[in-house]
Amino acid sequence: MLTAQSTAAAPSQDDYRPATTTTRYEAGSLTGVVHAPRTLVGMLPMVFHFRGSDVYAQELARQGFVVVLVDDRFSLDRHRELWRGVVAGTGPLAERFGRFAGHLAVAEP
């Protein structure tokens, strides 16, 4: 199940903060929440975090990180594999998150 993205825009020109997107996903028994910059430019660092804060994840996304929050710390490796599939253009998340393919290098654990 995929849910619609939400977008957080900058409140004013004086306090400019790049917009971010937040998207929830389910792939089998895995669920995650992705916080990312709305505009993807260049290679972006990717962070996987167990039960992280949405506020902190949004702040990292404003700084150019892609943050995946997961509920089960024992599934972190499985989430990394899903995102390696996105980079390769395969797997259950590839169609939905295909725009990330040229912008991520998923690090080894």
Side-chain angles (χ1 to χ4, degrees):
M1 176 171 116
L2 299 174
T3 58
Q5 293 185 11
S6 64
T7 301
S12 72
Q13 291 294 349
D14 297 331
D15 184 29
Y16 178 74
R17 304 174 119 200
T20 64
T21 64
T22 300
T23 307
R24 297 181 192 285
Y25 68 85
E26 289 183 12
S29 64
L30 300 177
T31 60
V33 178
V34 181
H35 294 274
R38 184 170 38 180
T39 303
L40 303 175
V41 178
M43 293 301 287
L44 303 174
M46 187 167 210
V47 176
F48 294 86
H49 197 275
F50 164 66
R51 291 195 186 212
S53 159
D54 283 317
V55 172
Y56 183 65
Q58 288 172 355
E59 185 57 37
L60 285 175
R62 285 184 191 99
Q63 295 175 33
F65 288 80
V66 175
V67 182
V68 178
L69 302 178
V70 301
D71 290 333
D72 176 10
R73 66 184 168 131
F74 299 108
S75 69
L76 287 171
D77 288 339
R78 293 173 37 211
H79 282 276
R80 282 187 195 94
E81 285 303 314
L82 284 175
W83 283 92
R84 284 187 187 102
V86 169
V87 170
T90 62
L93 302 181
E95 185 176 333
R96 176 65 182 95
F97 293 102
R99 71 185 190 100
F100 288 87
H103 299 284
L104 299 175
V106 182
E108 294 295 322

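All values derive from a computational prediction rather than experimental measurement.
Here the side chains of Arg80 and Phe48 are in contact, with some heavy-atom distance below 4.5 Å. Side-chain contact between Asp71 and Thr31 is present, with heavy atoms from C-beta onward closer than 4.5 Å. Using a 4.5 Å cut-off on side-chain heavy atoms (C-beta onward), Val47 and Val66 make no contact. Contact of the His35 side chain with the Asp54 side chain is registered, since non-hydrogen atoms from C-beta on lie closer than 4.5 Å. At least one side-chain heavy atom of Ser75 sits under 4.5 Å from a side-chain heavy atom of Leu30. Between His49 and Leu76, the closest side-chain pair of non-hydrogen atoms is not below 4.5 Å. The side-chain heavy atoms of Leu40 and Arg99, taken from C-beta on, include a pair separated by under 4.5 Å. The closest side-chain heavy-atom distance from Phe97 to Thr23 is below 4.5 Å.
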Stepwise side-chain contact (heavy atoms from CB on, under 4.5 Å) test for Tyr56 and Val67: CA-CA 10 Å; Tyr56 183 65; Val67 182; over 6 Å; no
Steps toward side-chain contact (heavy atoms from CB on, under 4.5 Å) verdict (Val34, Thr22): CA-CA 6 Å; Val34 181; Thr22 300; over 6 Å; no
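Ser29 and Arg78 form a side-chain donor-acceptor contact under 3.5 Å, judged by distance and modelled atom types alone.
Aromatic pair His79/Phe50: centroids not less than 6.0 angstrom apart.
Residue Gly85 comes nearest to Ala94 through the heavy atom pair O-CB, 4.4 Å, listed as atom of the first residue, atom of the second, then distance. Here the shortest heavy-atom pairing between Gly64 and Pro37 reads CA-CG, 3.8 Å.
To the nearest 0.5 Å, atoms CZ (Arg84) and CG (Leu93) are separated by 13.5 Å.
Side-chain heavy atoms closer than 4.5 Å link hydrophobic residues (I, L, V, M, F, W, Y) into clusters, and following such links, even through other members, never connects Met46 to Leu69. Tyr25 and Val87 fall within the same hydrophobic cluster, where Ile, Leu, Val, Met, Phe, Trp and Tyr residues are linked whenever their side-chain heavy atoms come under 4.5 Å apart, directly or through other members.
Taking the six-membered ring for Trp and thresholds of 30 and 60 degrees, Phe100 and Trp83 have ring planes more than 60 degrees apart, a perpendicular arrangement.
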